[in-house]
Amino acid sequence: ALAALEGLAAVAERLGRRRDRMETDALRALALQGLGRQAAALQALQGALDTAAPERAFRLFLDEGPAMLRLLHQVVEQGIAVQAATAILERAARRDASAHPADTLSEREMDVLRLLASGASNQDIMDALVISLGTVKSHVNHIMGKLDAQNRTEAVAKARLLGILRE
């Protein structure tokens with residue numbers, strides 16, 4: 001995996017694709033951490049944070065989960081990219097504080113969830129909301145992730161159980 005990520009990083013660098021480079025550096029950091037290579041992991045993460053900081057493109061780090069958060073804490077402890085790492089950790093803390101999934105669903109995701117609850121297919125949702133199939137699938141995936149559901153039916157059931165949707 002590391003060799004593949006290093007190849008992708010080189011291509012991203014050559015093509016000037018900063019976001020792709022940031023993503024590969026973040027993933028390399030996680031892979032290196034998994035191999036117990038802490039110094040190299042922190043160095044890779046510093047590269048990703050340096051790329052992300054000017055644009056405040058921090059969502060990627062939040063989406064990588066607990067392993068990334070542990071690395072970010074280590075970055076702060078080492079005094080590396082402290083501002084960017086602290087900003088991400090503060091966002092993660094705010095996100096964790098809003099424990100109810102209803103707080104994290106966007107208005108559009110709520111629209112899609114209501115349509116799912118009514119039994120709408122992806123095509124029905126596309127037509128009703130005038131969005132592309134890819135956008136429908138993206139919203140459905142986000143909904144399932146936020147509700148920790150394995151499929152559409154489970155997402156609707158959990159939403160009803162949590163009071164996000166009414167019967």
Side-chain angles (χ1 to χ4, degrees), residues 1-31 33-34 44-45 48-49 51-53 55-72 84 87-167:
L2 271 178
L5 286 169
E6 288 170 7
L8 289 171
V11 170
E13 185 72 29
R14 190 174 66 246
L15 296 176
R17 297 182 61 133
R18 292 173 43 101
R19 181 156 181 84
D20 291 342
R21 177 59 197 250
M22 175 185 66
E23 290 177 9
T24 56
D25 283 346
L27 292 173
R28 280 182 43 241
L30 289 172
Q33 179 191 37
L45 186 56
L49 290 169
T51 303
E55 301 168 28
R56 299 193 56 82
F58 298 146
R59 173 76 189 242
L60 162 76
F61 302 95
L62 293 170
D63 291 344
E64 292 302 327
M68 179 59 75
L69 295 178
R70 284 191 298 277
L71 263 180
L72 288 166
I88 296 166
L89 290 169
E90 287 171 356
R91 280 189 183 183
R94 282 193 307 269
R95 183 179 68 180
D96 291 346
S98 67
H100 199 283
D103 296 337
T104 64
L105 292 173
S106 70
E107 282 186 47
R108 192 53 128 184
E109 288 167 345
M110 285 300 299
D111 293 340
V112 171
L113 183 58
R114 282 186 208 89
L115 289 165
L116 288 175
S118 72
S121 67
N122 284 352
Q123 183 66 49
D124 297 333
I125 296 169
M126 282 175 47
D127 295 342
L129 300 179
V130 191
I131 56 178
S132 72
L133 178 61
T135 302
V136 171
K137 289 180 178 182
S138 178
H139 286 313
V140 170
N141 283 329
H142 288 142
I143 291 165
M144 290 190 314
K146 290 177 180 182
L147 295 176
D148 193 27
Q150 299 301 311
N151 56 52
R152 299 156 68 109
T153 305
E154 185 180 354
V156 170
K158 283 189 174 190
R160 285 188 173 132
L161 184 67
L162 292 167
I164 299 169
L165 285 176
R166 307 219 186 286
E167 289 291 329

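This structure is a prediction, so every number in the text was calculated from the model and none was measured. Computed over heavy atoms, backbone and side chain alike; hydrogens, waters and symmetry mates excluded.
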I need the [X] [atom1] to [Y] [atom2] distance, nearest 0.5 Å.
| X | Y | atom1 | atom2 | answer |
| --- | --- | --- | --- | --- |
| L45 | L30 | CG | CG | 8.0 Å |
| R152 | L115 | CZ | CG | 10.0 Å |
| R28 | R21 | CZ | CZ | 6.0 Å |
| R19 | T51 | CZ | OG1 | 11.0 Å |
| L2 | L27 | CG | CG | 10.5 Å |

So, for [X] and [Y], which heavy atoms are closest and what is the spacing to 0.1 Å?
| X | Y | result |
| --- | --- | --- |
| A159 | L113 | CB-CD2, 3.7 Å |
| A48 | A26 | CB-N, 3.8 Å |
| K146 | E109 | NZ-OE1, 2.8 Å |

For the residue pair [X] and [Y], establish whether any side-chain heavy-atom pair is separated by less than 4.5 Å.
| X | Y | result |
| --- | --- | --- |
| L147 | V156 | no |
| E154 | K158 | yes |
| L49 | I88 | yes |
| D20 | L8 | no |
| M110 | E107 | no |

Self-check item: Step-by-step side chain to side chain contact (heavy atoms under 4.5 Å, CB included) determination, D111 to I125
Solution: CA-CA 9 Å; D111 293 340; I125 296 169; over 6 Å; no

May I have the list of side-chain donor-acceptor pairs in residues 134-142 shorter than 3.5 Å, sequence neighbours left out?
| residue | atom | partner | partner atom | Å |
| --- | --- | --- | --- | --- |
| T135 | OG1 | S132 | OG | 2.9 |
| N141 | ND2 | K137 | O | 3.3 |
| H142 | ND1 | S138 | O | 3.2 |

Which atom pairs, donor and acceptor, lie under 3.5 Å between side-chain atoms of residues 57-69 and protein residues at least two apart or in another chain?
| residue | atom | partner | partner atom | Å |
| --- | --- | --- | --- | --- |
| R59 | NE | D63 | OD1 | 3.0 |
| R59 | NE | D63 | OD2 | 3.2 |

*Should the heavy atoms of other residues, nucleotides or ligands under 6.0 Å from CZ of R17 be counted, would the total exceed 12?*
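Result for CZ/R17: open.
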
